[in-house]
Trainee: 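First, the structure itself, so that you have it in front of you.
Throughout, a chain's letter reflects where its sequence line sits, starting with A, and its residues are numbered from 1.
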There are 2 protein chains.
Amino acid sequence: MPGLREGNLLSTSRLALSTRFDEWQQGAFDPELCPVRDVLGHLRDKWTTLILMALAGQPRRFSQLRRAIPDISKRMLTQTLRNLERDGLLSRQVFPTRPPSVEYRLTPLGESLLVPMAHLASWAEHAHADITESRSRFDADRP
Amino acid sequence: MPGLREGNLLSTSRLALSTRFDEWQQGAFDPELCPVRDVLGHLRDKWTTLILMALAGQPRRFSQLRRAIPDISKRMLTQTLRNLERDGLLSRQVFPTRPPSVEYRLTPLGESLLVPMAHLASWAEHAHADITESRSRFDADRP
DNA sequence: CCGAATCCTTTTCGATACTG
DNA sequence: CAGTATCGAAAAGGATTCGG
């Protein structure tokens, strides 16, 4: 009975999120008491998700990542990789070759993030048609 | 056997994400073929998640939302609400009172987003300690 | 009470040039 | 190859003012 299960899942999610919201509100949204904003902060930036996806299947070297994500600049790639390494979501291994090569791979913690990320991606694909239609309707009403 | 189930879930997620990445790469990351970036774009901005959480438990009026999220400006609240309304994630109902009041509530589509959002929030809370520790270690190594 | 419009500050991002 | 440094453009965000 998928309807019932979905209903329960929704109630649970709704309760979980609104309860957390109330708690953070009590604490005036102190980052210490509000892990989500702190932890998920980097996921919001432009390239993080794409990099994590590129590394989901296999480890890659710096220039392989550049080729995999053609429109990223060296600067942004470096910066985003640093942040992810700092958070422990990926590890950086330098091979002492000439010229040097550096390989990036997801840590177990980084891989554990793939699970909720895949849920979200799946939701996005599912909702895409509805959202596109809603946008058209909205834009049509006001020129 | 939770270990096995987690393992399978991880494999599935990894495959799903890396496959999607490959597909988008083939299409040069055309937004038409890459719904996630398009759909999830607004979720990345500073206030969207907080607003959705504030509305998860109950509908609220504009000024109630301002009080619920003390450090948001009127401008940003208006703008973020507009984007969410445009995407069909929430609905806006005007009551013809004096002075006017406007109520915002999640649509079914908006509520369906709560489910993956709750997963992600749960992951963030779970990973918070690891990430904090990783950051300390990283920062300690380089002054 | 709700929100549009304006102005200004801060942050983010990208192009370029340079190093081991 | 894998970065760092610097600079300027662009976008996001905030404060303020005004109007229905």
Trainee: Quick one: label A:K74 by what it contacts on the DNA or RNA (base, sugar-phosphate, nothing), any heavy atom closer than 4.0 Å.
Mentor: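 It contacts base atoms.
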Trainee: Run the numbers on B:R82 and B:E85 for salt bridge (Lys or Arg N to Asp or Glu O under 4.0 Å), then give the verdict.
Mentor: CA-CA 5 Å; B:R82 280 285 169 283; B:E85 186 196 359; 3.7 Å; yes
Trainee: When you get a sec, tell me which of C:dA15, D:dG14, C:dC2 is the closest nucleotide to the side chain of A:S73?
Mentor: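 Comparing C:dA15, D:dG14, C:dC2 against the side chain of A:S73, the answer is C:dA15.
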Trainee: Quick one: does B:H119's side chain get under 4.5 Å of B:S122's, heavy atoms only?
Mentor: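 No, every pair of side-chain atoms sits at 4.5 Å or beyond.
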Trainee: Tell me if a side-chain donor or acceptor on B:S112 pairs with a main-chain N or O of B:L109 at a distance below 3.5 Å.
Mentor: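 A pair under 3.5 Å: yes.
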Trainee: If only side-chain N and O atoms of B:R60 are considered, is one of them under 4.0 Å from the OP1 or OP2 phosphate oxygen of C:dC2?
Mentor: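 Negative; the distance criterion is not met.
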Trainee: Would you indicate what A:R44 reaches in the nucleic acid, counting non-hydrogen atoms under 4.0 angstrom: base, sugar-phosphate, or nothing?
Mentor: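 No contact.
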Trainee: Counting only side-chain heavy atoms from C-beta out, which of C:dA4, D:dC1, D:dG3 sits nearest to A:S63?
Mentor: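 So the side chain of A:S63 is nearest to D:dC1.
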Trainee: Applying a 4.0 Å non-hydrogen cut-off, can you work out what B:R98 is touching in the nucleic acid: base, sugar-phosphate, or nothing?
Mentor: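 No contact at all - B:R98 keeps every heavy atom at 4.0 Å or more from the nucleic acid.
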Trainee: From the options D:dG3, D:dC1, D:dG14, select the nucleotide whose nearest atom is closest to the side chain of A:P100.
Mentor: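 Selected nucleotide: D:dC1.
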Trainee: Which is true for B:R66 with a 4.0 Å heavy-atom rule: it touches a base, it touches only sugar-phosphate, or it touches nothing?
Mentor: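 Nothing: the residue B:R66, judged by heavy atoms under 4.0 Å, touches no strand.
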Trainee: Checking all strands, does B:Y104 fall into the base, sugar-phosphate, or nothing category for heavy-atom contacts under 4.0 angstrom?
Mentor: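 Sugar-phosphate: the residue B:Y104, judged by heavy atoms under 4.0 Å, touches backbone atoms but no base.
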Trainee: Need to verify one output field. Residue with the more 5' nearest nucleotide on DNA chain D, A:R67 or B:D45?
Mentor: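 Between the two, 5'-proximity favours A:R67.
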Trainee: As an exercise, state the distance from CG of B:L15 to CG of A:L114, rounded to the nearest 0.5 Å.
Mentor: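 The CG atom of B:L15 sits 11.5 Å away from the CG atom of A:L114.
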Trainee: Can you identify which nucleotide, out of C:dG14, D:dA15, C:dG3, has its nearest atom closest to the A:R75 side chain?
Mentor: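 Nearest nucleotide to the side chain: C:dG14.
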